[in-house]
Amino acid sequence: MSNEKKPPGFSTLAVHAGVEPDPSTGAIMTPVYMTSTYVQEGIGQHKGYEYSRSSNPTRDALEAAFAALEGGRHGLAFASGLAAIDAVLMTLKPGDEVIAGDDLYGGTRRLFTTHYEPFGIQFHFVDTQDPANVAAKLNDRTRLVWLETPTNPLLRVSDIAAIAGLLAGHPARLAVDNTFATPALQNPLKEGADIVMHSVTKYLGGHSDVVMGALMTKEAALDAELRTLQNNVGAIPGPMDCFLVLRGIKTLGIRVRQHCANGRAVAEWLEAHPKVDTVFWPGFSSFPNHAAAARQMQDFGGMISFTLVDDSLDASRAVCESTRVFALAESLGGVESLIEHPALMTHASVPAEQRAALGINDSLIRLSCGIEDAEDLIADLDQAIGA
Ligand SMILES: *Cc1c(COP(=O)(O)O)cnc(C)c1O
């Protein structure tokens, strides 16, 4: 019999990771260290903290929690998801090449093409659902492969382990934006990725009250490089936001269970509705790459997109404007359910031809199922779609 200790389950980690009782008072909650500097007893004699851009105890606790949630060794907190992505891109030099998914979060693609392309970094946007498309662009200048799975808003799934396998022995790093899946459902580091990125703004924060980003890694040298960038650029979150996210992630396990249960109930109900045309949700066995999703994810999440049989802009706009429980808003991953119209809202900056090529048509509606009661979500959609 093995006497190895069983590692803690996800919800246990989410409640306890990174958090120790405060050594001076025993406070169970991590104190919010609202301080920019730290008094030194003599020059260079300090308790490990000199200036809060470099490190802050509240942020340290959160960064330790980030690492634990993804099964990594290192975590870094940034002022936003895009600031975290920017830190990864700053590790590149002119002449380097990046292979990225073609259905990325709009802000990610905008950062790549409007700021990094002019610096001489070449991007290849490919459909990463098929690893062969990544292999086709891989060459000796490739330094980064950037994946999102599932994607926004079409929930396309890419096989992380298969793409990591293509990069074995190659200097290119694999980074995965794991915002949609959350660490409760998918751990890219365990699938062979080098970097996991989160828009903490979404599920990790979970309460629509903080904008933040995170990077998780396993390699010390890569962590050191990114930590230097975090300090040199200074796109760090403040201690109060770190506290809110430490509080938010305590319930990540239980929240994601409810997001998934509601996502499943809503997706199945939509699929059977006569006025609904296509439902995009990776839990359907007929969904493209469902097998990869079922292997690399614990469950399929609360994000769903769908189109209507009446594919006019007016029909989908009317549904988005008639819900009462689902709030009409951008963003996702909070406890409250949201509805939005990608072509008019989150993806309006994507040129119409490109939207059409990707399959984001004018009838597409995206849902972020919150943690309310599934019957109330379904009743709300029923009145909005029926109207
Ligand atoms: C929101 C989001 C981002 C950007 O994160 P911010 O916190 O808004 O900067 C990146 N990727 C995905 C998948 C997102 O949903």
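Both ligands and their constituent atoms are indexed starting at 1 by order of listing. Please read all numbers here as calculations on a predicted model, not as lab measurements.
- Checked by atom type, the side-chain pair S316/H341 shows a donor-acceptor distance below 3.5 Å.
- E97 and N139 are linked by a side-chain donor-acceptor pair at a separation below 3.5 angstrom, with hydrogens and angles left out of the test.
- Under a 4.0 Å N-O distance rule, the pair R109/E117 does not qualify as a salt bridge.
- Side-chain polar atoms of S363 and D311 form no donor-acceptor pair below 3.5 angstrom.
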Starting from the N and O atoms of ligand 1, find every protein N or O within less than 3.5 Å and list the pair with its distance.
unit_1	atom_1	unit_2	atom_2	d
ligand 1	5 (O)	S199	OG	3.0
ligand 1	7 (O)	G81	N	2.9
ligand 1	7 (O)	S199	OG	2.8
ligand 1	7 (O)	T201	OG1	2.7
ligand 1	9 (O)	G81	N	3.0
ligand 1	9 (O)	L82	N	2.9
ligand 1	11 (N)	D177	OD2	2.6
ligand 1	15 (O)	K202	NZ	2.7

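- The pair E372-R255 does not count as a salt bridge, with every side-chain nitrogen at least 4.0 angstrom from each carboxylate oxygen.
- Remark: H259 engages Y203 in a ring pair (Phe, Tyr, Trp, His ring centres under 6.0 Å) (not counting sequence neighbours).
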